[in-house]
Amino acid sequence: MSNPLKGLEGPLVQAGEMTRLMFQVLWMAVRHPLGYWSEVRDQMFDILKLCWIPMAVSTTAFGLGAPGLQGGNIFNLFGIPERLGSFFVMASVREFAPWVNAMVVAGVVGTAITADLGARRIREEIDAMEVLGVDPIRTLVLPRVVALFIMTGLLDLVAILFGLLGGYIAAVPILGANPAAFADSLFANLSATDVWGSVVKTALFGLIIGVVCCYKGLKASGGPIGVGSAVNQAVVIAFAAIWIFNMVFTTILLGLNPDIQVYK
């Protein structure tokens, strides 16, 4: 009799190994938090340099298009386009700013990390490091994961600002809302819980991206084709993990803070 879970063995094993890698990195970072911060700083600068422009363009365009014009037209039917400010607390701050942020970071930085570590693996550089007694996890993985964790969270603030800019453009110049009323509606509903929840969630997105992409890079095999396959798999797995985690985190956040669901 065939095992119905046979097809899930590979993905489950990979999920377990990724989880183990994540705890290994966190233990290293906490147990001996010295010696890797210069590399973390360089990685953070690279992430900022590569991501902030795509982040700004993507969040502004998304804020203007989907929740801005689409949601704004609904509010405009009732003659209250200014209320789009309160809608953007949910649309931008809680949801699409962190989501677009994670998609950009995974697509730009995550792929680069997987390709870099995968190329090192097939050139046997990582094997040479292990032979020389250099821990590749601490040397290569830890700085990248820490940098992604910190910078993805900080970039969320950039994403929120440009997402709100897109909503402002939709509400005020296009739909004719009063700018002061738009701002009042926004800040009357925006709370510290919304902001820190968004930043923490996005920072954890960065942790997921870093662990998944580093794992797939370290496990790459089969030459350049294998590296390309590892990059594709890393992006797909990172996106899926982010969507699942986003659902769980948002559900818990709203359940523990029901007051943020009341719009003023």
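A quick note: this is a predicted structure, and the numbers were derived from the prediction, not measured.
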Do you know which two heavy atoms are closest between P67 and L84, and how far apart they sit?
O-CD1, 3.7 Å
Is any side-chain heavy atom of M18 less than 4.5 Å from a side-chain heavy atom of K216?
yes
Shared hydrophobic cluster, F187 / F162 (ILVMFWY, side-chain heavy atoms < 4.5 Å):
yes
So V109 and M151, side-chain contact (heavy atoms from CB on, under 4.5 Å) or not? Walk me through it.
CA-CA 11 Å; V109 180; M151 279 307 301; over 6 Å; no
Ring geometry between F96 and F62 (parallel below 30°, tilted from 30 to 60°, perpendicular above 60°)
tilted
Output yes when a side-chain donor or acceptor of Y36 lies under 3.5 Å from a complementary backbone atom of A29, and no otherwise.
yes
Reported CG-to-CG distance for the pair L161 and D156, which is rounded to 0.5 angstrom:
9.5 Å
Say whether V108 and V235 are linked into one hydrophobic cluster, either directly or through other cluster members, by side-chain heavy-atom distances under 4.5 angstrom.
yes
In terms of hydrophobic clustering (I, L, V, M, F, W, Y; side-chain heavy atoms under 4.5 Å; direct or indirect links), are V236 and V227 co-clustered?
no
Is V141 close to M28 at the side-chain level, that is, under 4.5 Å between some pair of heavy atoms?
no
Is the backbone of V93 close enough, under 3.5 Å, to the side chain of S198 for a donor and an acceptor to pair up by distance?
yes
Do the side chain of K201 and the main chain of W99 share a donor and acceptor less than 3.5 angstrom apart?
no
So do the side chains of I137 and L218 get within less than 4.5 Å of each other, counting heavy atoms only?
yes
Minimum heavy-atom distance L190-V89, with the two atoms named
N-CG2, 3.9 Å
Is there side-chain contact between L140 and L117, with at least one heavy-atom pair below 4.5 Å?
yes
Linking I/L/V/M/F/W/Y whenever their side-chain heavy atoms sit closer than 4.5 Å, directly or via other members, would I53 and M55 fall into one cluster?
yes
Which heavy atom in F205 sits nearest to a heavy atom in A102, and how many Å separate them?
CD1-CB, 3.6 Å
Do side-chain atoms of D194 reach the backbone of S191 as a donor and acceptor pair under 3.5 angstrom?
yes
Looking at A181, is its backbone amide N or carbonyl O close enough to the side chain of N178 to form a donor-acceptor pair, meaning the two atoms are under 3.5 Å apart?
yes
CG/D127 to CD1/I122 distance, rounded to the nearest 0.5 angstrom?
11.5 Å
Does I47 form a side-chain contact (heavy atoms from CB on, under 4.5 Å) with I150? I'd like the steps, not just the answer.
CA-CA 10 Å; I47 294 170; I150 296 173; over 6 Å; no
Residue pair N73 / L175, side-chain heavy-atom distance below 4.5 Å:
yes
Should the heavy atoms of other residues, nucleotides or ligands under 6.0 Å from CD1 of I225 be counted, would the total exceed 12?
no
Please round to the nearest 0.5 Å and tell me the distance separating atom CZ of F245 and atom CE of M247.
11.5 Å
Indicate whether any N or O donor in one side chain lies under 3.5 Å from an N or O acceptor in the other, for E95 and T250.
yes
V105 versus L148: any side-chain heavy-atom pair under 4.5 Å?
yes
Nearest heavy atoms of R94 and L254, plus distance in Å:
NH1-CD2, 4.0 Å
Point-to-point distance, once rounded to the nearest 0.5 Å, from OG1 of T202 to CD1 of I209:
9.5 Å
With the side chain counted from C-beta on, respond yes when E17 and L21 share a heavy-atom pair under 4.5 Å apart, and no when they do not.
no
For the atom pair CG (L48) and CG (L154), what is the distance rounded to the nearest 0.5 Å?
9.0 Å
If I compare all heavy atoms of V100 with all of S58, which pair ends up nearest, and what's the gap?
CG1-CB, 3.6 Å
If only atom types and distance count, is the side chain of N257 paired as donor or acceptor with the main-chain N or O of L253 below 3.5 Å?
yes
Less than 4.5 Å apart, side chain to side chain, heavy atoms only: is that true for P98 and N246?
no
side-chain contact (heavy atoms from CB on, under 4.5 Å) evaluation trace for F23 with R20:
CA-CA 5 Å; F23 283 110; R20 182 177 64 181; over 6 Å; no
What pairs with Q24 under side chain to side chain donor-acceptor pair (under 3.5 Å), at least two apart in sequence or on another chain?
none
The complete set of side-chain hydrogen bond (donor to acceptor under 3.5 Å, both in side chains) pairs with one or both residues in residues 129-143, sequence neighbours excluded, reads none
Shared hydrophobic cluster for V248 and L256 (ILVMFWY, side-chain gaps under 4.5 Å):
yes
Using modelled atom types and a 3.5 Å cut-off, is there a donor and acceptor pairing between side-chain atoms of E82 and backbone atoms of S185?
no
Shortest non-hydrogen separation from I113 to C214 and the atoms involved:
CG2-SG, 3.8 Å
Can you measure from CG (D42) to CH2 (W37) and round to the nearest 0.5 angstrom?
13.0 Å
Determine yes or no for a side-chain-to-main-chain donor-acceptor pair under 3.5 angstrom, with N101 supplying the side chain and T152 the backbone.
yes
Step-by-step side-chain contact (heavy atoms from CB on, under 4.5 Å) determination, F249 to V200
CA-CA 10 Å; F249 186 95; V200 169; 4.2 Å; yes
